[in-house]
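Provided herewith is a single structure, encoded as structure tokens, for subsequent inquiry.
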Amino acid sequence: MKIDASLLKSIAKGSRLKEDRRGFSGVSTDTRQRMENGLFVPLKGERFDGHRFIEQAIEAGATGALWKEQEPVPEQLPETFQLYYVEDTLKALQALAQAYREKVNPFVIGITGSNGKTTTKDIVASVLAGTAAVHKTKGNLNNHIGVPLTLLAMPEDCTYAVVEMGMNHAGEISTLTQIAKPNAAIITSIGDAHIEHLGSREGIAAAKMEIADGLIKESWLLFDGDEPLLSPYNEQAETTVGFSDQAATKISDVKTLENGYVFYLNGARWQLTMLGKHNVKNAAYAILLAQKLGFSNAMIQKQLSSLAITGMRLEKLKGPNGSTIINDAYNANPTSMKAAIETVKELPHYKRRVLVLGDIYELGQDEEALHKSVATAIEPPITDVVTVGKKGRWIYEAQLDKKDSRISLVHADTVVEAAEILKPYYTKDTVVLIKASRGLALEEVLPAVKGGN
Ligand SMILES: CC(=O)N[C@H]1[C@@H](OP(=O)(O)OP(=O)(O)OC[C@H]2O[C@@H](n3ccc(=O)[nH]c3=O)[C@H](O)[C@@H]2O)O[C@H](CO)[C@@H](O)[C@@H]1O[C@H](C)C(=O)N[C@@H](C)C(=O)N[C@H](CCC(=O)N[C@@H](CCC[C@@H](N)C(=O)O)C(=O)O)C(=O)O
Ligand SMILES: Nc1ncnc2c1ncn2[C@@H]1O[C@H](COP(=O)(O)OP(=O)(O)OP(=O)(O)O)[C@@H](O)[C@H]1O
Ligand SMILES: C[C@@H](N)C(=O)N[C@H](C)C(=O)O
């Protein structure tokens with residue numbers, strides 16, 4: 001049984017049923033999902049308090065729950081339904097995850113960074129899956145709730161656990177890494193994501209470096225060797241990775257292909273079938289980690305040829321009338337938006353290259369200037385730009401000021417309006433990039449589309 005009674009007794013202050021050796025098959029915080037023989041953990045959120053859903057938890061299959069000790073115990077509980085009384089259910093969830101991580105004791109790889117966490121997590125997991133049981137963060141479940149749920153979802157025979165750690169305030173990565181206790185950690189990049197709460201890029205770098213707080217002894221830290229803000233921490237790194245001469249392990253001779261890149265790293269030639277030159281660096285982290293773990297170059301390259309990447313990250317789709325859509329709409333910040341534009345500019349063949357660029361959130365007081373800075377990347381062979389949303393209008397204004405008649409420019413206040421405007425753009429030999437922050441849900445601009453080319 002995955003979550004056994006001894007683990008639970010180690011984090012609880014008491015329990016409703018005294019003699020109860022039963023365990024649980026899994027842990028859930030949401031009664032809207034099935035949880036057969038599950039342990040329900042009620043959390044207080046912005047809209048609901050999970051303690052009010054105990055009946056729904058039982059209907060969903062839960063056979064026990066953590067219970068905040070000040071909460072009144074529901075009267076009509078089944079006789080065999082177990083409650084473990086705790087002071088704070090979120091802290092107890094985190095403590096349970098830490099205890100379970102220690103019980104399973106996989107090799108844990110913690111991944112953080114302003115951009116590329118999810119992509120790098122997926123690449124690392126795909127590469128390591130070549131020879132072992134790998135567990136990874138599902139989607140983007142990377143915060144103070146997502147990381148504990150990720151660890152508690154680990155199978156008991158897990159060899160590698162690839163855990164994405166997200167943050168938008170200082171101190172959050174430190175909490176996450178002390179729960180996950182990584183054996184290795186990767187900091188993918190320092191951008192401008194969530195700068196509103198971090199104050200500066202220096203603040204972002206320091207917050208990402210918190211990942212070292214939880215590293216176990218004999219661990220490895222890899223990070224972006226092209227980032228000057230990380231160079232003060234070079235002594236803590238196993239190595240740094242990048243395209244520049246400052247990087248301790250250098251990526252060289254990068255060549256762009258129709259659907260990816262070839263490049264050299266550590267004396268070997270590698271091929272990557274992904275869009276975005278920044279993904280060459282994300283793949284380089286995975287290659288170096290796998291080599292450190294004793295994987296052969298042949299095995300690594302084999303796994304690189306069959307990557308499973310979470311959607312809406314430079315995801316190539318077939319559009320109407322022979323057009324191509326690149327859905328990069330999971331999230332955005334100025335760094336990743338400019339990187340996506342550069343990716344579209346370097347694609348071969350297309351006659352028409354359309355950018356659909358929307359709001360970017362959590363940029364703080366400099367949000368207008370940061371949006372306007374995106375226009376510096378908008379140059380031919382880009383042919384058309386459609387900006388979307390109240391903040392996206394700043395990109396429109398900056399592009400308008402350039403008076404570049406080679407690039408058509410239109411603004412839409414809403415995603416619905418943008419969808420109408422875009423209909424005539426979907427023609428043969430046209431590529432359309434969509435990118436904005438998660439909060440705008442820009443993927444809703446898309447017509448019905450099919451999988452990648
Ligand atoms: C708390 C929670 O998990 N909420 C999820 C819930 O939200 P909902 O609006 O329904 O309700 P409440 O949050 O008020 O609910 C409280 C609890 O009650 C449960 N419940 C509710 C109704 C019901 O009928 N039954 C119930 O049991 C409910 O499940 C709650 O436990 O549902 C939403 C829809 O599924 C979820 O989206 C919501 O999840 C929140 C957002 C969450 O934090 N989920 C994590 C597991 C997670 O990792 N989510 C990631 C996004 C993480 C992220 O934003 N990362 C940022 C960095 C930010 C880090 C940190 N500072 C932060 O703010 O998160 C990044 O840049 O990557 C994801 O969803 O992708
Ligand atoms: N090193 C990088 N530099 C710039 N952009 C990058 C880099 N790596 C990935 N990206 C781009 O950043 C966007 C988000 O990628 P991904 O979801 O992997 O990052 P993330 O860190 O998980 O993001 P989030 O914190 O929003 O969940 C995508 O557009 C991706 O192409
Ligand atoms: C989804 C969360 N990781 C995030 O980055 N939110 C931004 C600010 C958004 O809502 O777009």
Side-chain angles (χ1 to χ4, degrees), residues 101 104-113 116-138 150-151 154-165 180-189 211 215-225 236-243 247-255 257 259-274 276-310 313:
R101 178 257 179 267
V104 174
N105 196 28
F107 187 97
V108 177
I109 301 106
I111 301 178
T112 192
K117 297 186 292 299
T118 300
T119 304
T120 304
K121 172 260 294 182
D122 290 336
I123 298 172
V124 168
S126 294
V127 168
L128 299 184
T131 66
V134 179
H135 177 68
K136 70 174 185 180
T137 295
K138 185 178 170 194
T150 297
L151 292 169
M154 264 192 309
E156 291 176 281
D157 63 349
C158 176
T159 307
Y160 297 110
V162 191
V163 182
E164 177 179 338
M165 300 181 187
K181 293 273 190 299
N183 302 80
I186 297 169
I187 302 175
T188 59
S189 68
I211 200 164
L215 278 174
I216 64 152
K217 288 183 182 51
E218 306 305 313
S219 55
W220 314 320
L221 174 62
L222 305 177
F223 59 63
D224 182 356
Q236 296 182 50
E238 177 72 16
T239 190
T240 66
V241 188
F243 302 102
T249 304
K250 191 172 174 186
I251 304 163
S252 62
D253 302 311
V254 182
K255 298 241 176 339
L257 306 174
N259 273 322
Y261 301 87
V262 290
F263 60 96
Y264 282 80
L265 177 79
N266 257 1
R269 179 182 181 278
W270 305 93
Q271 181 156 347
L272 179 68
T273 309
M274 282 183 82
K277 188 179 173 194
H278 48 263
N279 284 321
V280 169
K281 190 184 294 185
N282 293 336
Y285 295 128
I287 291 165
L288 291 173
L289 183 70
Q291 287 179 326
K292 186 88 181 160
L293 288 167
F295 283 59
S296 70
N297 288 356
M299 170 57 78
I300 295 169
Q301 181 55 69
K302 173 176 174 291
Q303 295 305 107
L304 282 176
S305 309
S306 57
L307 296 174
I309 305 295
T310 307
R313 278 86 174 168

Between Tyr285 and Ile111, is there a side-chain heavy-atom distance shorter than 4.5 Å? no
**Request:** Indicate whether the side chain of Gln271 and that of Ser305 have a donor and an acceptor atom separated by less than 3.5 Å.
**Result:** no
Worksheet item: Are Ile251 and Val280 close enough that some pair of their side-chain heavy atoms sits under 4.5 Å apart?
Response: yes
### Task
For residues Phe295 and Gln291, determine if any side-chain heavy atom of one lies less than 4.5 Å from a side-chain heavy atom of the other.
no
Nearest heavy-atom contact between Val254 and Phe243 is CG2-CE2, 3.9 Å
Is any side-chain heavy atom of Val134 closer than 4.5 Å to one of Thr159?
no
Between the CG atom in Leu304 and the OG atom in Ser126, the distance rounded to the nearest 0.5 Å is 8.5 Å
Margin query: Parallel, tilted or perpendicular, judged at 30° and 60°: which one describes the rings of Trp220 and Phe107?
Written below: tilted
Just checking, is any N or O donor in the side chain of Thr239 or Thr249 under 3.5 Å from an acceptor N or O on the other one? yes
Here the pair of heavy atoms bringing Leu289 nearest to Ala184 is CD1-CB, 3.7 Å
Output for pair (Asn105 CG, Met154 CE), nearest 0.5 Å, gives 9.0 Å
To the nearest 0.5 Å, atom CD of Gln303 lies from atom OG1 of Thr131 at 8.0 Å
Residues Thr150 and His135: closest non-hydrogen pair is O-NE2, 2.8 Å
Rounded to the nearest 0.5 angstrom, the CZ-OG1 distance for Phe223 and Thr112 is 13.5 Å
Just by distance, with hydrogens left out, do Asp122 and Thr310 show a side-chain donor and acceptor under 3.5 Å apart? yes
